[in-house]
Novice: 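One structure is given below, represented as structure tokens, and several questions about it will come after.
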Amino acid sequence: MVADPAVLFIVSPVTLAEVQWYSCHDNAARHQRGKVSDMQLASPFRGITPSGERILHSGNVDPGEVALIKRFIDGGGPVMWTQRKGVDLLDPGRGRVVPTIYRTDGAWVWFTGIYYYLETHGTPLDPKFLTHIRRQDFVSATPDSNQISQAIRFLKEPAARDA
């Protein structure tokens, strides 16, 4: 694989296309053919319809929690990222404005674009991820190097791309 020249290598090389693919697929679909770890993926969308429309998570976020959620999402440890921004999948006319960074706290892996979609479009978070954030008092743990490596394997598992 030839790396995208705009990609930063934190721990794992990644292309913008990979970041966008991961961000659109929910945890169950990605891991239906085999479990790599107990980590879970927080995606901004629950899935995609055959016509390409995004299926949103159900529920709402308390407006008083939005800044606290941002603090959590900006925390943890970086797993992979690129300097390029992704296209807003709900409003492509906005252009490339979505951050393309993956982070982890050792239990969950999340796409930081989640906050962009929450703040810009009011998109609900995955209810299980929101529960996790609240249980951590809105402070994400700093993962160790083994947890970062596990998160990379979790994201790059071959079965995930075949789902």
Side-chain angles (χ1 to χ4, degrees), residues 1-32 36 39-61 65-105 107-130 132-133 140 143 148 150-163:
M1 172 173 104
V2 177
D4 181 324
V7 171
L8 292 178
F9 296 95
I10 295 300
V11 182
S12 173
V14 62
T15 65
L16 182 58
E18 286 177 301
V19 170
Q20 288 174 329
W21 188 94
Y22 297 131
S23 71
C24 295
H25 292 77
D26 75 342
N27 211 32
R30 291 183 67 253
H31 295 278
Q32 65 187 0
V36 201
M39 284 191 170
Q40 296 191 62
L41 176 68
S43 171
F45 311 111
R46 193 167 51 87
I48 303 173
T49 66
S51 65
E53 293 179 64
R54 287 1 184 220
I55 302 169
L56 303 180
H57 293 287
S58 59
N60 292 305
V61 173
E65 293 179 328
V66 172
L68 297 170
I69 289 168
K70 176 156 179 45
R71 180 179 71 189
F72 183 94
I73 288 173
D74 287 344
V79 177
M80 58 175 77
W81 74 23
T82 175
Q83 289 180 341
R84 291 188 180 169
K85 301 238 179 189
V87 172
D88 183 326
L89 298 173
L90 296 178
D91 185 359
R94 289 178 176 263
R96 295 188 173 278
V97 293
V98 181
T100 52
I101 302 168
Y102 275 87
R103 303 186 73 83
T104 187
D105 64 356
W108 280 80
V109 177
W110 60 89
F111 169 65
T112 58
I114 288 173
Y115 182 76
Y116 168 84
Y117 287 108
L118 170 64
E119 181 182 51
T120 306
H121 299 288
T123 304
L125 273 68
D126 176 327
K128 291 179 184 176
F129 184 52
L130 183 55
H132 173 72
I133 292 171
S140 52
I148 298 256
Q150 183 181 16
I152 292 166
R153 284 191 308 275
F154 175 78
L155 285 173
K156 294 190 130 194
E157 137 192 17
R161 294 198 186 159
D162 297 337

Novice: Would you say the side-chain atoms of S140 pair up with the backbone N or O of D105, donor to acceptor, closer than 3.5 Å?
Specialist: no
Novice: Looking at side-chain heavy atoms only, is the closest gap between E53 and I48 below 4.5 Å?
Specialist: no
Novice: Quick one: NZ on K156 to CE on M80, what's the gap to the nearest 0.5 Å?
Specialist: 5.0 Å
Novice: Taking all non-hydrogen atoms of both residues into account, name the closest pair between M39 and T104 and its distance.
Specialist: CE-OG1, 3.8 Å
Novice: Can you say whether the rings of W110 and F129 are parallel (under 30°), tilted (30 to 60°) or perpendicular (over 60°)?
Specialist: tilted
Novice: Before giving the answer on side chain to side chain contact (heavy atoms under 4.5 Å, CB included), spell out for I114 and T123 the whole-Å C-alpha distance, their side-chain angles and the decisive distance to 0.1 Å.
Specialist: CA-CA 8 Å; I114 288 173; T123 304; over 6 Å; no
Novice: Holding to side chain to side chain contact (heavy atoms under 4.5 Å, CB included), I want the full list of residues that pass it with E119, two or more places apart in sequence or in another chain.
Specialist: Y115
Novice: Return the CG to CG distance between L118 and N60, rounded to the nearest 0.5 Å.
Specialist: 10.0 Å
Novice: Is the shortest heavy-atom distance from the side chain of F111 to the side chain of F45 under 4.5 Å?
Specialist: no
Novice: K70: which residues meet the side chain to side chain donor-acceptor pair (under 3.5 Å) condition with it, sequence neighbours left out?
Specialist: D74
Novice: Take T112 and W81 through the side chain to side chain contact (heavy atoms under 4.5 Å, CB included) test and state the conclusion after the steps.
Specialist: CA-CA 10 Å; T112 58; W81 74 23; over 6 Å; no
Novice: Could you check L41 against Y102 for side chain to side chain contact (heavy atoms under 4.5 Å, CB included), going step by step and ending with a plain yes or no?
Specialist: CA-CA 10 Å; L41 176 68; Y102 275 87; 3.9 Å; yes
Novice: Between T100 (side chain only) and G86 (backbone N and O only), is there a donor and an acceptor less than 3.5 Å apart?
Specialist: no
Novice: For P124 versus H57, what's the shortest heavy-atom pair and its separation?
Specialist: CG-O, 3.1 Å
Novice: What heavy-atom pair brings G76 and R103 nearest, and what distance separates the two atoms?
Specialist: O-NH2, 3.3 Å
Novice: With a 4.5 Å heavy-atom cut-off, do Y117 and R54 have their side chains touching?
Specialist: no
Novice: Any side-chain heavy-atom pair from L90 and T120 closer than 4.5 angstrom?
Specialist: no
Novice: Nearest heavy-atom pair of V109 and F154: which atoms, and what distance?
Specialist: CG2-CD2, 3.9 Å
Novice: If every non-hydrogen atom of V87 is compared with every non-hydrogen atom of P92, which pair is closest and at what distance?
Specialist: CG1-CA, 3.9 Å
Novice: Is there a donor-acceptor contact under 3.5 Å from the side chain of R96 to the main chain of K85?
Specialist: yes
Novice: Check the pair D126 / W108 against side chain to side chain contact (heavy atoms under 4.5 Å, CB included), numbers first and verdict last.
Specialist: CA-CA 12 Å; D126 176 327; W108 280 80; 4.2 Å; yes
